[in-house]
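Heavy-atom basis, side chains included; hydrogens, waters and symmetry copies ignored.
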Amino acid sequence: QKRLVESGGGLVQAGDSTRLSCAPSGRSFITDSMGWFRQPPGKEREFVAAISWSGDMTAYADSVKGRFTISRDNSKNTVSLQMNRLKPEDTAIYYCAADGPNIGTSTEEVDFGAWGQGTQVTVSS
């Protein structure tokens, strides 16, 4: 099965920025939508952002809208999440997801067919 690998993350101070990236581990070109989910400590995994194959359509959770930007580079077969003005509430394991539905139809994790193992982002106050 197609596997995704996240990169980036780590310890960041509140108000700072960081960037996450994701790409398939094998030779595979992703043509469906991709997204990011996160799981804060003690909470369930939640939707963060998604982007269409063309990159022209995006969706964001209200908690990150205006601060996070999702993008993709199909020539490199990667998707990224630029995270600005980070808050302690952003602390979570961030997961990359692929093979998602059309943007605007669903933000449910069960509708994404491929996942990464996650990367930790910790925001200190």
Side-chain angles (χ1 to χ4, degrees):
Q1 291 184 336
K2 180 163 56 184
R3 297 180 180 180
L4 309 177
V5 179
E6 300 95 343
S7 61
L11 179 62
V12 187
Q13 294 188 51
D16 287 352
S17 300
T18 194
R19 186 179 182 89
L20 306 180
S21 297
C22 172
S25 61
R27 186 177 181 180
S28 180
F29 194 84
I30 301 174
T31 58
D32 297 311
S33 66
M34 301 185 69
W36 290 91
F37 290 75
R38 68 185 183 185
Q39 185 170 16
K43 299 181 179 180
E44 297 182 357
R45 189 156 57 184
E46 63 187 24
F47 171 78
V48 176
I51 187 169
S52 64
W53 172 81
S54 66
D56 293 332
M57 299 182 64
T58 58
Y60 296 93
D62 289 339
S63 59
V64 305
K65 189 175 297 183
R67 298 188 298 118
F68 291 7
T69 302
I70 187 171
S71 62
R72 68 190 300 169
D73 185 343
N74 290 340
S75 66
K76 298 180 179 180
N77 205 22
T78 60
V79 63
S80 299
L81 184 68
Q82 179 67 39
M83 307 164 66
N84 298 329
R85 307 198 310 276
L86 285 163
K87 304 176 181 179
E89 304 92 272
D90 296 321
T91 295
I93 301 175
Y94 284 73
Y95 297 89
C96 179
D99 296 339
N102 291 335
I103 302 299
T105 62
S106 176
T107 57
E108 298 292 332
E109 61 183 82
V110 296
D111 293 322
F112 289 80
W115 292 84
Q117 292 184 324
T119 185
Q120 177 71 44
V121 175
T122 302
V123 183
S124 62
S125 60

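- Using a 4.0 Å cut-off between charged nitrogen and carboxylate oxygen, Lys87 and Asp90 do not count as a salt-bridge pair.
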Q | Glu6 and Trp36: CA distance, side-chain angles, deciding distance, side-chain contact (heavy atoms from CB on, under 4.5 Å) verdict | A | CA-CA 10 Å; Glu6 300 95 343; Trp36 290 91; 3.8 Å; yes
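- In this structure, OH in Tyr95 is found 13.0 Å from CG in Leu4, a value given to the nearest 0.5 Å.
- Taking Val12 as the reference, Asp16, Thr18, Leu86 meet the side chain to side chain contact (heavy atoms under 4.5 Å, CB included) condition, with sequence neighbours excluded.
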(Q) side-chain contact (heavy atoms from CB on, under 4.5 Å) for Ser25 and Gln117? Distances and angles first, verdict last. (A) CA-CA 11 Å; Ser25 61; Gln117 292 184 324; over 6 Å; no
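- Ile103 meets the side chain to side chain contact (heavy atoms under 4.5 Å, CB included) test with Ser33, Ala50, Ser52, Met57, Ala59; sequence neighbours excluded.
- In this structure, Phe112 and Ala97 approach most closely via the heavy-atom pair CD2-CB, 3.7 Å.
- Residues passing the side chain to side chain contact (heavy atoms under 4.5 Å, CB included) test with Gln120, sequence neighbours excluded: Thr91, Ile93, Thr122.
- Counting only residues at least two apart or on different chains, the disulfide bond (SG atoms under 2.5 Å apart) pairs with a member in residues 91-125 are Cys22-Cys96.
- Cluster membership check: Leu81 shares its hydrophobic cluster with Val123, using side-chain heavy-atom separations under 4.5 Å among Ile, Leu, Val, Met, Phe, Trp and Tyr.
- If you take CD on Gln82 and OG on Ser21, they are separated by 9.5 Å, rounding to the nearest 0.5 Å.
- Between the NZ atom in Lys65 and the OG1 atom in Thr58 there is a gap of 9.0 Å [rounded to 0.5 Å].
- Within a 6.0 Å radius of CD in Glu46, more than 12 heavy atoms belonging to other residues, nucleotides or ligands are found.
- Heavy-atom minimum distance, Pro88 versus Ala14: CD-CB, 4.1 Å.
- A continuous path of ILVMFWY side-chain contacts below 4.5 Å connects Met34 to Met83, so both sit in one hydrophobic cluster.
- Between Ala49 and Tyr60, the shortest heavy-atom distance links the atoms CB-CD2, 3.6 Å.
- Atoms OG1 and CG, on Thr78 and Leu20 in that order, are 12.5 Å from each other to the nearest 0.5 Å.
- When all heavy atoms are compared, the tightest approach of Thr119 to Gly9 is OG1-CA, 4.3 Å.
- The shortest heavy-atom contact between Ser17 and Asn84 is OG-OD1, 2.9 Å.
- The closest side-chain heavy-atom distance from Trp115 to Glu109 is below 4.5 Å.
- A distance-only check finds a donor-acceptor pair linking the side chain of Asn74 to the backbone of Trp53 [under 3.5 Å].
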Q | Chi angles and distances behind the side-chain contact (heavy atoms from CB on, under 4.5 Å) call for Ser80, Arg19 | A | CA-CA 7 Å; Ser80 299; Arg19 186 179 182 89; 3.4 Å; yes
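- Residues meeting the side-chain hydrogen bond (donor to acceptor under 3.5 Å, both in side chains) test with Tyr94, sequence neighbours left out: Arg38.
- Every residue two or more places apart in sequence or in another chain that forms a ring pair (Phe, Tyr, Trp, His ring centres under 6.0 Å) with Phe47 is listed here: Phe37.
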